[in-house]
S.K.: 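Pasting in a structure now, in structure tokens, and then I'll have a few things to ask.
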Amino acid sequence: MAETLKNQRKPELIELPITTRDGEFMAHYSEKGLAGLNFPRAKPGSSRAAGSSRAVNAKQIPLQILQWHRTATAALKKILAGLEPGEFPPLDWAGTTDFQKSVWKAMLKIPLGKTKSYGEIAQAIGKPKAVRAVGGACGANPIPVLVPCHRVLAANNKIGGFSSGLGWKASLLEREGIEF
DNA sequence: CTCCGCCTACCAA
DNA sequence: TTGGTAGGCGGAG
């Protein structure tokens with residue numbers, strides 16, 4: 001009778017927006033914490049459908065999640081301003097692989113204003129040859145900015161890639177005073 | 001198993 | 001310096 005866990009296809013996350021001067025980010029929360037963060041769709045300024053008034057009934061959102069959202073919002077805005085993020089909400093990496101988690105944890109250890117290469121991350125997690133795989137994990141990072149995948153550069157201080165757009169990566173690095 | 005990717009080191013111009 | 005390339009690894013289908 002153990003219903004196949006595989007039927008749990010839908011995590012059913014609660015989505016809440018975070019409006020910043022860079023546009024509206026979208027945060028996704030599970031009952032365990034922040035599970036995802038998306039960059040703004042349009043560029044700052046273009047107010048398109050103005051939220052299409054999908055007014056989520058604030059009343060039905062667990063207080064716990066609202067608290068995490070406040071924390072996440074503050075942290076995101078700080079980093080976007082090139083400042084120390086302070087407290088983080090718990091991060092929910094359910095559904096991801098151990099390899100990816102190890103890579104993301106390693107990235108969380110990179111201090112603001114500092115960088116590491118894909119190779120250094122690979123070495124840090126004990127898989128010195130999995131360099132390219134580290135790049136893959138960075139690209140799969142569900143919580144960009146807070147989990148600083150932008151602080152990972154290619155060898156020789158080259159900018160490397162960024163699935164959400166190199167423009168974002170370059171911009172985030174600049175805000176932290178990083179040169180490349 | 002195959003294909004692809006936020007990489008690298010290396011070699012040829 | 002710039003460009004092309006083969007090796008290596010994990011993830012997705």
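No experiment lies behind these values; they were computed from the predicted model shown. Each chain gets a letter, A, B and so on, in the order its sequence line appears, and its residues count up from 1.
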S.K.: Considering non-hydrogen atoms only, spot the tightest contact between A:F162 and A:C149 and give its length.
M.R.: CE1-SG, 3.6 Å
S.K.: Which atoms of nucleotides 11-13 of chain C (N or O only) lie under 3.5 Å from a protein N or O atom, and what are those distances?
M.R.:
| unit_1 | atom_1 | unit_2 | atom_2 | d |
| --- | --- | --- | --- | --- |
| C:dG11 | OP1 | A:T97 | OG1 | 2.2 |

S.K.: Can you check the A:K129 NZ to B:dT8 P distance for me, whole Å?
M.R.: 16 Å
S.K.: Roughly how many Å is it from CD1 in A:I121 to P in B:dT8, rounded to a whole number?
M.R.: 11 Å
S.K.: Without decimals, in angstroms, what is the distance between A:K101 NZ and C:dG10 C1'?
M.R.: 15 Å
S.K.: Between A:Q123 (CD) and C:dG8 (P), how many Å, whole number?
M.R.: 17 Å
S.K.: Under a cut-off of 3.5 Å for both distances of each Watson-Crick or G-U pair, what dot-bracket string does DNA chain C give, using [ ] for crossing pairs and | for inter-strand pairs?
M.R.: |||||||.|||||
S.K.: Taking side chain as C-beta onward, heavy atoms only, is A:R151 less than 4.5 Å from A:L112?
M.R.: yes
S.K.: What nucleotide, of B:dA9, C:dC9, B:dC6, holds the atom closest to the side chain of A:A133?
M.R.: C:dC9
S.K.: Using a strict cut-off of less than 4.0 Å between a Lys/Arg side-chain nitrogen and an Asp/Glu carboxylate oxygen, indicate whether A:D22 and A:R175 qualify as a salt bridge.
M.R.: yes
S.K.: Considering residues, nucleotides and ligands other than A:K101, do more than 12 of their heavy atoms fall under 6.0 Å from its NZ?
M.R.: yes
S.K.: Would you say A:K127 places a side-chain N or O within less than 4.0 Å of OP1 or OP2 belonging to C:dG10?
M.R.: yes
S.K.: Kindly determine whether A:L91 and A:W104 satisfy side chain to side chain contact (heavy atoms under 4.5 Å, CB included), including the steps that lead there.
M.R.: CA-CA 11 Å; A:L91 308 181; A:W104 300 330; over 6 Å; no
S.K.: Under 4.0 Å, counting only non-hydrogen atoms across every strand here, what does A:G139 touch: a base, just sugar-phosphate, or nothing?
M.R.: base
S.K.: Looking only at N and O atoms, is any donor in the side chain of A:R132 or the base of C:dG10 less than 3.5 Å from an acceptor on the other one?
M.R.: no
S.K.: For A:S117, answer base if it contacts any base atom (sugar-phosphate contacts may also be present), sugar-phosphate if it contacts only those atoms, and nothing otherwise; contact means non-hydrogen atoms under 4.0 Å.
M.R.: sugar-phosphate
S.K.: Tell me the closest heavy-atom pair linking A:V145 and A:H150, and the distance in Å.
M.R.: O-CE1, 3.6 Å
S.K.: Quick one: closest heavy-atom pair of A:A106 and A:I125, and the distance?
M.R.: CB-CG2, 4.1 Å
S.K.: Might you point out which heavy atoms bring A:F99 and A:V134 nearest each other, and give the distance in Å?
M.R.: CZ-N, 4.0 Å
S.K.: Write down the distance between CD1 (A:I143) and P (B:dC6), rounded to a whole number of angstrom.
M.R.: 19 Å
S.K.: What integer distance in Å separates A:K116:NZ from B:dC6:C1'?
M.R.: 17 Å
S.K.: To the nearest angstrom, how far is A:N156 atom CG from C:dT1 atom C1'?
M.R.: 12 Å
S.K.: Can you tell me how far P of B:dC7 sits from CD of A:E120, to the nearest Å?
M.R.: 15 Å
S.K.: Give the minimum heavy-atom separation between A:P89 and A:A72, together with the two atoms involved.
M.R.: CG-CB, 3.9 Å
